[in-house]
Amino acid sequence: MNKENNQESNAENPEEFTGLKIGKPKEVAAGIPAVISSAEHILSEMNLGRGLKALSKLNQNDGYDCPGCAWPDPDDERSRIAEYCENGVKAIAEEATTKKLTADFFAANSVKDLSLLDDYHIGKKGRVAQPMYLPKGATHYQPITWDDAFKKIAEQLNNLTSPDEAVFYTSGRTSNEAAFLYQLFVREFGTNNLPDCSNMCHESSGVALTESLGIGKVSVKLEDFYQAEVIIILGQNPGTNHPRMLTALQKAKENGCIIISVNPLAETGLIGFSNPQTIKGALGIKAKLADMFLQVKINGDMALLKAIELLLWEEEEKNPGTVFDHQFINEHTADFDLFINHIKQFNLQYLLDACGVSIELIKKAATIIAQKKKIIACWAMGLTQHKNAVDTIKEIVNLLLLKGSIGKPGAGTCPVRGHSNVQGDRTMGIYEKPSHAFLDSIKNVFGFEPPRKNGYDTVEAIHAMHQEKAKVFFAMGGNFLSATPDTTYTAEALRKCKLTVHVSTKLNRSHLVHGEEALILPCLARSDKDEMNGIDQFVTTENSMGVIQSSKGNLKSVSDNLLSEPVIVCRLAQATFGEKSNVNWALYQSNYDHIRNDIGKVIPGFENYNERVRKPGGFYLPNSNREKNFNTITGKANFNIADITITTLTNDEYMMMTIRSHDQFNTTIYGLNDRYRGVYNERRIIFMNAKDIAHEKLKAGDVVDLFNYFEGVERVARKFIVVEFNIPEKCTATYFPETNVLVPINSVAEKSNTPTSKNVVIKIRIH
Ligand code: SF4
């Protein structure tokens, strides 16, 4: 069996490269180049007036939440000049664009022709301006009324043999209100098939933290960054993926914090930062951020953490009571003795070889950590998308527990979420494995019996569609095909569906690789005004640190034929259930306050929701870890005992991780440059170590094909240009989603079932 990348994954046959230029990686992030880049992106999509209007309310208390990442806004004063970053501006340029796609566009462009474009050029087409329908066997999307669109979906859903034959996916931009209604509709319909993008990113964090600490979320607040003595950043590239985090790190550093970066790549954002909102930054004066860079091999994090823990234990043995926080350990943790017995059996050299970092650097890091008491650990997908991701994250917790660094100011866990409301969607019940308490609450408030059987997560949903057990695929936002692994297999799965439906703002590849019939339901974006019965509506979101805040757009939408996501769900439910529903869907559409009132009845922490969320800055959800309460099976914070995993590579095998460029947010490609890494005008590249290039008898600039062999299947991604880069030997990096075709659907993290997109064994051959 052979799987190649083709129009399902990206440019069908990239005969022509777009003119790769390689420069020196940048030593400083943001600064004036970020301001220039922001302006260019805005002006390429709209006029200056609309752009300024949009940006004036971005991340403001009376404005709307950035649709980019989930980094929190300051609790106190917000900058009236610009409470956003370059990538926030790019996100707004994309969604507030005045380019729009009407029926004429779809009549002039066949689905096949559009599918031959790469993701960047598809995304640049513009906003979908009216509902569109692709009948069975048709070559072009056709206009359809909203009523007819809902009728078609309802007919398909009601004709299924079982509700479990439908899959309802959610992307992390969906507001709390839309997410709550969506899961309510899905559960009243009779299934828990609610996969989401979290299944592919921080699921491993949620599983690990829940088992170790009793809650699957961050334990710190933003203000903790300003009190921390040490911040360790693992498998994360904040300069590109959470840029305003650099401002928090700069402030931490000014307060004396030591920052340690752990990553296979030296990412520019952590080397230096020039804050364009300060006079120094505007003059191009950079602040150094990371004090130490520990360049681990791909997936060397667990071995590195264990090496540090071993050195800490040795120091504690020499000077008892000076390194570990015994009072915290005795009062709040379980299995400390077991953990110590486990850690002291490791050979330090074995751990050093496994992580690839020198003894000098590790000793230096261990000495710093030994002397400090307030430590924050941050991480992202560099850790979560490995087979052993859950155990690696638990190892971070082990380190923090030794230091008593959870539940006190300036210390704790910080998994940094990638999409602006991915955490809120989970809180609202977008979860394929809902707790009994949550389902009981739904039953008590709405009077119907929700399904109790677990639904499909993302990987399981793809398999179910491929096996034709699931026949209707409905996506609330996102670009499912480009976000998911094993692109060819996933495309086959979508094509086997009877109906695929996407609630979207812009055209994307998932509209072009479709089921027998397909629908695009165009919705309002975050920045769009949303008025109902003459009253401006707002929605709410939850950021990475558990703050719930309001979001109200201020732009006239690009078309009058768009609906908001909450209204789409209500009208879908009305079409599907008719009079047979326990839920008052009409009431919710009249004013979103009614939705929030019912969220307050179902979900703990949302009492008086409407009142509290109207206060500037919103409110924090309860977080037991902050009070040193650990709702685990043992009632304590659990040390975890796990061995390290070493993947043995043959002479011609390499480990590949997928990464994002600086001109990209998840599947949205803003441009073809990766300024910080010095790559311009091309995305089909592979970053390689100079020694590996020589070993393969290649040279920089050569064009190669990439192969993965997993469970007897050959996966191929053709035509990638070799770029020499500072990356550990035997490690390579390529951009997501171009190489998702190489990520095997069955290669997943233990316990979390997250695809191992940072851990793909490849072979490289000249094209
Ligand atoms: S840091 Fe994230 S949330 Fe903030 S403006 Fe940038 S992309 Fe948006």
Side-chain angles (χ1 to χ4, degrees), residues 103 106 111 128 130-170 174 178 181-195 446 448 450-451 455-456 461 464-478 480-481 493-504 510-523 561-586 588-589:
F106 288 99
V111 171
V128 182
Q130 61 191 98
M132 300 303 301
Y133 170 56
L134 187 70
K136 186 174 175 180
T139 54
H140 291 68
Y141 272 96
Q142 305 165 4
I144 187 171
T145 65
W146 279 103
D147 280 343
D148 286 347
F150 291 127
K151 219 167 117 192
K152 282 200 183 295
I153 305 168
E155 273 170 16
Q156 289 276 5
L157 290 177
N158 288 327
N159 281 338
L160 294 174
T161 311
S162 151
D164 291 332
E165 290 180 347
V167 166
F168 298 91
Y169 174 76
T170 310
T174 308
L181 295 185
Y182 187 47
Q183 64 80 31
L184 189 62
F185 161 68
V186 171
R187 296 203 158 100
E188 193 175 28
F189 178 64
T191 182
N192 284 314
N193 286 346
L194 282 159
F446 295 100
F448 69 85
Y456 299 133
M465 291 188 278
H466 207 276
Q467 293 159 10
E468 297 180 53
K469 289 184 195 157
K471 298 178 174 136
V472 173
F473 175 77
F474 189 105
M476 181 61 78
F480 188 78
L481 181 60
L494 288 169
R495 288 202 170 103
K496 288 182 180 183
C497 288
K498 295 259 175 243
L499 175 69
T500 48
V501 185
H502 289 87
V503 177
S504 304
S510 300
H511 306 141
L512 309 173
V513 176
H514 49 79
E516 268 179 19
E517 295 175 82
L519 281 158
I520 309 174
L521 308 181
C523 66
N561 206 0
L562 310 180
L563 293 180
S564 73
E565 287 173 321
V567 170
I568 288 174
V569 179
C570 291
R571 289 187 55 182
L572 173 60
Q574 288 171 314
T576 305
F577 300 137
E579 299 299 309
K580 296 180 295 179
S581 175
N582 283 28
V583 179
N584 190 342
W585 300 102
Y588 291 147
Q589 288 177 72

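Sequence positions, counted from 1, serve as the residue numbers for this chain. Computed over heavy atoms, backbone and side chain alike; hydrogens, waters and symmetry mates excluded.
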>> For R187, is there any backbone N or O sitting under 3.5 Å from a side-chain donor or acceptor partner on N192?
In response: no
> Quick one: does F150's side chain get under 4.5 Å of I568's, heavy atoms only?
Replying inline: yes
> Under the 3.5 angstrom rule, does the side chain of W585 hit a backbone N or O of V569 as a donor-acceptor pair?
Replying inline: no
> Do the ring planes of Y169 and F480 sit parallel (below 30°), tilted (30 to 60°) or perpendicular (above 60°)?
Replying inline: perpendicular
>> Can you list everything that forms a side-chain hydrogen bond (donor to acceptor under 3.5 Å, both in side chains) with Y588? Sequence neighbours excluded, please.
In response: D598
>> Donor-acceptor pair, distance only, cut-off 3.5 Å: does the side chain of K496 make one with the backbone of H466?
In response: yes
> Can any side-chain N or O of T170 pair as donor or acceptor with the backbone N or O of M476 at less than 3.5 Å?
Replying inline: no
> Counting N and O atoms only, with roles assigned by atom type, does the side chain of N193 sit under 3.5 Å from a partner on the main chain of Y456, one being a donor and the other an acceptor?
Replying inline: yes
> Roughly how far apart are I144 CD1 and L521 CG, rounded to 0.5 Å?
Replying inline: 9.0 Å
>> Is there a side-chain contact (heavy atoms from CB on, under 4.5 Å) between T576 and N158? Walk through the geometry before answering.
In response: CA-CA 7 Å; T576 305; N158 288 327; 3.7 Å; yes
> Do E188 side-chain atoms and F448 backbone N/O form a donor-acceptor pair below 3.5 Å?
Replying inline: no
>> Go through it in stages, so that I can follow the logic: the residues are Y182 and T174, the test is side-chain contact (heavy atoms from CB on, under 4.5 Å), and I'd like the CA-CA distance, side-chain angles, deciding distance and then a yes or no.
In response: CA-CA 10 Å; Y182 187 47; T174 308; 5.8 Å; no
> Yes or no on side-chain contact (heavy atoms from CB on, under 4.5 Å) for F474 and L572, after CA distance, side-chain angles and deciding distance?
Replying inline: CA-CA 11 Å; F474 189 105; L572 173 60; 3.6 Å; yes
> How long is the span from the CD atom in E165 to the NZ atom in K469, to the nearest 0.5 Å?
Replying inline: 11.0 Å
> Just how far is it from atom CG of L181 to atom SG of C570, taken to the nearest 0.5 Å?
Replying inline: 5.0 Å
> Which word best sums up how the rings of F189 and F168 line up, parallel for under 30°, tilted for 30 to 60°, or perpendicular for over 60°?
Replying inline: perpendicular
Show the atom names and distances, to 0.1 Å, of all donor-acceptor pairs under 3.5 Å that link a side chain in residues 497-504 to residues at least two apart or in another chain.
residue: T500; atom: OG1; partner: G515; partner atom: N; Å: 2.9
residue: S504; atom: OG; partner: H511; partner atom: NE2; Å: 2.8

> Can a salt bridge be assigned to the pair R571 and D147 using a cut-off of 4.0 Å between side-chain N and carboxylate O?
Replying inline: yes
> Taking side chain as C-beta onward, heavy atoms only, is D148 less than 4.5 Å from Y133?
Replying inline: no
>> Using side-chain heavy atoms (C-beta onward) and a distance below 4.5 Å, is V186 in contact with T191?
In response: yes
